[in-house]
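One structure is given below, encoded as C-alpha cells.
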Amino acid sequence: MDSGAESVERAETGSASPGWAFLIRRLFASELGASDRLVPRWIFLRALGLIYFSAFYCLVFQIRGLIGPHGILPAGEYLQLIAGSSVGLLRFWYAPSLLWISSASQMLLALCWVGMIASLLLALNVWPRVMLVASFLCFLSFAAAARDFSGYQSDGMLLEAGFIALFFAPPGFWPGLGRANPPSRFSLFLLQWEWFRIYFESGIVKLASGDPQWRNFTAMDEYYQNCPLPTWVGWHLQHLPHWFHAGTVGATLFMELGLVWMVCLPRRFRLVLFFLVTFWEAGVIFTANYAFLNYLVLSLGILLVDDRFFLGLSKFWKSRVAAQRPSDVSEPAQSAAAAKEPTAGPWRALLGSYRPLKLAIAAVMLSWIFYASTARLVWLLAPRAPLPVTPVTLLAPFRIADQYGLFAVMTRGLYQIEFQGSEDGKTWIAYPFRYKPQALAEAPGIYAPYQPRFDWNLWFASLGAWRDNAIVPNTEVRLLSNDPDVLSLFAANPFPQAAPRQVRAVLWQYWFTSMSEKRTTGNWWRRQFLGLYAPTLELQPDGRIGVLEMPDEAGPKR
C-alpha cells in the first residue's frame with residue numbers, strides 16, 4: 001500500500017508527468033518555497049498592513065465628500081450608469097465593488113473601518129491571509145467605483161502587491177514567521193517583478209515621452225516646486241545649484257534603467273542594490289508627498305535581501321528564527337513527516353482534494369498576473385507586438401497587473417485651483433485647503449503616507465481644462481449648498497452661517513520664494529493670478545443654478 005505522503009503526492013500531481021509536477025510544485029507550492037526569506041516576508045507583510053491602514057485611514061475622513069451620495073463624484077451614480085448599459089451581469093466584473101450592495105454613506109464608512117481593522121490585524125500578524133483578503137476587497141471596492149479619485153498608479157501598485165501577498169503570506173491564525181509554510185517561489189518572484197517594473201517602466205516612459213527636460217538634464221531643476229504637494233525639505237533642495245539637479249537626473253535614469261537589473265545578480269549585488277534604493281526612496285519621501293507610493297516601493301525592496309542579512313544585524317531575529325525551528329531535521333524531511341502523520345480517513349481524503357485545487361488556483365492566478373504584466377511591459381517597448389490581448393483586458397478592472405511609468409513628462413509650473421465664494425459678486429473669499437499650497441507664509445509640510453485625494457486631483461485638473469475635470473464644477477455646485485461632506489475636504493468653511501450666493505474657481509501659478517525673499521518677507525511662496533478656471537455659478541432664488549461668467553475657451557494662459 002502507498003504511504004500517506006505518497007497518496008498526497010499522487011493527488012497533487014494528478015496525471016501530469018513527474019517533471020512538470022515537480023516544477024509546478026517547486027514554483028507555486030509552499031512546502032518547496034523559499035525557506036531563506038522568512039524574515040523579509042514577515043517584515044514586508046507588517047509593512048503592507050501599515051500601508052493598507054494608511055490608505056483606509058485617509059479615506060475615512062474623505063470618502064463621503066469624494067464619492068458619497070452628496071459627494072463630488074457619487075459612486076452610486078457611476079454604478080447606475082454601468083448597470084444601465086447593456087453589459088448585464090458583466091457589470092460586476094467591470095466594476096468589482098462591494099458598493100453594488102449599497103453606496104450609502106454608512107456602507108462607505110463600513111468599508112473604511114473594516115479595512116482599517118483588517119489591515120491593523122495584518123500588521124499585528126493575526127490571521128494574515130484572511131486579513132489580506134478583507135483589505136484587498138475593501139480597497140478594490142473603493143478603487144473600482146471612485147473614478148478620478150482612484151486613478152493613481154499607487155492604487156494599482158497596492159492592489160497588485162496586496163493580491164500577490166495572498167499567496168505569499170503564511171496560513172494560520174497566529175503563524176509567527178511561518179517556518180512550516182515558507183513563501184512560494186513564484187509569489188516572491190512576482191513581488192520582486194512588481195518592484196522591478198515600477199522602476200524600469202518609469203525609466204522607459206521618460207525616454208519614450210520625448211520630454212526634452214529629461215534629455216537636457218533639466219527635469220529636476222524645478223521638480224521640488226512643481227510636484228503636487230511640495231515639502232519644506234524640497235524648498236531647500238530647490239535652491240541648490242544646477243549641477244546637483246542635473247546629477248539627480250542622471251542618477252534617476254541610471255537607477256531606473258540600469259541599476260535595477262542587479263536584482264538578477266548574486267546576493268552581494270542585491271545587498272548593495274537594497275541599500276541604494278532604500279536611501280533613494282527615503283530621500284523622495286522627505287522631498288515630496290506621494291502618499292504611500294514610496295513606502296510601498298521601499299517595502300517591496302525588503303524582498304531583495306534574505307534571512308541571513310537580518311540574522312547578521314540583530315540577535316532579535318536569531319532568537320525568533322531559533323524559537324520557530326522545531327529541530328535540526330531538514331525541511332524536506334519535516335514535510336514528509338508531516339504528510340505521514342496519522343489522520344482520520346475523511347480528513348485525509350479532504351486534504352488530498354484540497355491541496356491540488358489550491359495549487360492549481362495559485363498556478364493559474366500568478367501565471368495570469370505574470371503574463372498580463374509582462375505583456376504590458378512588452379507593449380511599452382514594442383507597441384505592435386502580436387500578443388494576446390484578452391487575458392490582459394479581463395484582468396484590467398482588478399488592477400493587479402497594471403503598467404507603471406512615473407514622471408514621463410515633467411510639469412513646467414505649479415498651478416493651483418482655488419475655490420472662492422461671494423455674497424455680492426464683488427468680494428470673494430477663498431476656501432482654505434488642508435494640504436495644497438495656498439497661504440504664502442505657510443511652510444509646505446510632509447504628509448505622506450497620508451493622501452488628500454481631493455487636493456491631489458485638483459493638481460492634475462490644473463494642468464488641463466475644466467471641461468475634462470468634472471470634479472471642479474461639481475465642487476462648485478456642492479459649495480453653493482454648503483454640503484457638509486464636501487466642506488469637510490477643506491480646512492474651514494468661510495461661510496458658516498449660510499451658503500454663498502456665488503462660487504467660482506480661479507487659477508494661480510505658484511513659485512518658491514528665493515532665499516533672500518524668504519529672509520525678507522518670511523514667505524515660502526509667491527504667486528500670480530492667471531484668471532477664471534471654470535464657470536462662475538450662482539444659486540438663483542428659485543433654487544436653480546445659473547452660470548454668471550464663463551472662462552475663456554482657451555482657458556487661463558499658462
Legend entry - Atom pair CZ (R147) and CG (L66), whose distance is rounded to the nearest 0.5 Å: 11.5 Å
Legend entry - K518 side chain near N523 side chain, heavy-atom distance below 4.5 Å: no
Exercise answer: donor-acceptor pairs, residues 408-416 side-chain atoms, under 3.5 Å, sequence neighbours excluded:
unit_1	atom_1	unit_2	atom_2	d
T411	OG1	N226	O	3.4
Q416	OE1	K436	NZ	2.1

Legend entry - Sidechain N-carboxylate O distance under 4.0 Å for R399, E160: no
Inset, instruction - Determine the sole option in F370, F196, W195, F168 for which the ring-ring contact (aromatic ring centres under 6.0 Å, His included) test with F189 is passed. - result: F370
Legend entry - Check: L257 main-chain N/O paired with W261 side-chain donor or acceptor under 3.5 Å: yes
Legend entry - Axial cation check for W511 ring with R527, 6.0 Å and 45° limits: no
Legend entry - Residue pair T252 / W280, side-chain heavy-atom distance below 4.5 Å: yes
Inset, instruction - Starting at CD1 of I369, measure out to CG of D402 and round the result to the nearest 0.5 Å. - result: 11.0 Å
Legend entry - CZ on F454 to OG on S488, rounded to 0.5 Å: 10.0 Å
Inset, instruction - Nearest 0.5 Å please: distance from the OG atom of S135 over to the CG atom of L158. - result: 9.0 Å
Inset, instruction - Would you please indicate if the ring centroids of W466 and Y533 are separated by under 6.0 Å? - result: no
Legend entry - For the student: nearest non-hydrogen atoms of T231 and N289, plus distance: CG2-ND2, 3.3 Å
Inset, instruction - Using a 4.5 Å cut-off on heavy atoms from C-beta on, say whether the side chain of F407 contacts that of M220. - result: no
Inset, instruction - Indicate yes or no for a side-chain donor-acceptor contact from R434 to the backbone of F490 under 3.5 Å, with no hydrogens or angles considered. - result: yes
Legend entry - Distance in Å, Q192 CD paired with C264 SG, rounded so as to fall on 0.5 Å steps: 9.5 Å
Legend entry - Any R46 side-chain heavy atom under 4.5 Å of L124 side chain: no
Legend entry - Sidechain-backbone polar pair: E549 side chain, A534 backbone, donor-acceptor under 3.5 Å: no
Inset, instruction - State, yes or no, whether a side-chain contact exists between D155 and F139 at a heavy-atom distance under 4.5 Å. - result: yes
Enumerate, atom names and distances included, each donor-acceptor pair closer than 3.5 Å involving a side-chain atom of residues 290-303, sequence neighbours excluded.
unit_1	atom_1	unit_2	atom_2	d
Y290	OH	Y223	OH	3.2
N294	ND2	E281	OE1	2.7
Y295	OH	A448	O	3.4
S299	OG	Y295	O	2.8

Inset, instruction - Keeping the roles fixed (side chain from N469, backbone from A465), state whether a donor-acceptor pair exists under 3.5 Å. - result: yes
Inset, instruction - Walk me through it: do T513 and W525 pass the test side-chain hydrogen bond (donor to acceptor under 3.5 Å, both in side chains)? - result: CA-CA 5 Å; T513 54; W525 300 99; over 6 Å; no
Inset, instruction - For R270 and L304, indicate whether the former's side chain and the latter's backbone hold a donor-acceptor pair under 3.5 Å. - result: yes
Legend entry - R526 side chain to E517 backbone, donor-acceptor under 3.5 Å: no
Inset, instruction - Please assess E256 against K206 for the test salt bridge (Lys or Arg N to Asp or Glu O under 4.0 Å), listing each intermediate value before the final yes or no. - result: CA-CA 10 Å; E256 293 178 345; K206 289 177 175 60; 3.1 Å; yes
Inset, instruction - Could you tell me whether the side chain of D424 and the main chain of T427 form a donor-acceptor pair under 3.5 Å? - result: yes
Legend entry - R453 versus Q62, side-chain donor and acceptor atoms under 3.5 Å: no
Legend entry - Beyond-backbone contact of Y450 with F61, side-chain heavy atoms, under 4.5 angstrom: yes
Legend entry - Side-chain touch S119/M131, heavy atoms, less than 4.5 angstrom: no
Legend entry - Centroid-centroid distance, F309 to F275, less than 6.0 Å: yes
Legend entry - Backbone N/O of Q528 and side chain of Q509: donor-acceptor pair under 3.5 Å: no
Inset, instruction - Look at R41 together with D306 and state whether they make a salt bridge at an N to O cut-off of under 4.0 Å. - result: no
Legend entry - Pairing of D307 and R37 as salt bridge, 4.0 angstrom limit: no
Legend entry - L458 side, atom CG; T475 side, atom OG1 - distance, nearest 0.5 Å: 6.5 Å
Inset, instruction - For residues P241 and W243, report the shortest heavy-atom separation together with the two atoms involved. - result: CG-NE1, 2.9 Å
Legend entry - Check: R64 side chain, S105 main-chain N or O, donor-acceptor pair, under 3.5 Å: no
Inset, instruction - Kindly say whether the aromatic ring centers of F398 and F163 come within a distance under 6.0 Å. - result: no
Legend entry - Aromatic contact, F512 with W524 (centres under 6.0 Å): no
Legend entry - Exercise: identify the closest heavy-atom pair between F142 and S150: CE2-CB, 4.1 Å
Legend entry - Counterpart residues, side chain to side chain donor-acceptor pair (under 3.5 Å), relative to Q438 (two or more places apart): E418
Inset, instruction - Could you check if a side-chain atom of L489 sits within less than 4.5 angstrom of a side-chain atom of I72, using non-hydrogen atoms only? - result: yes
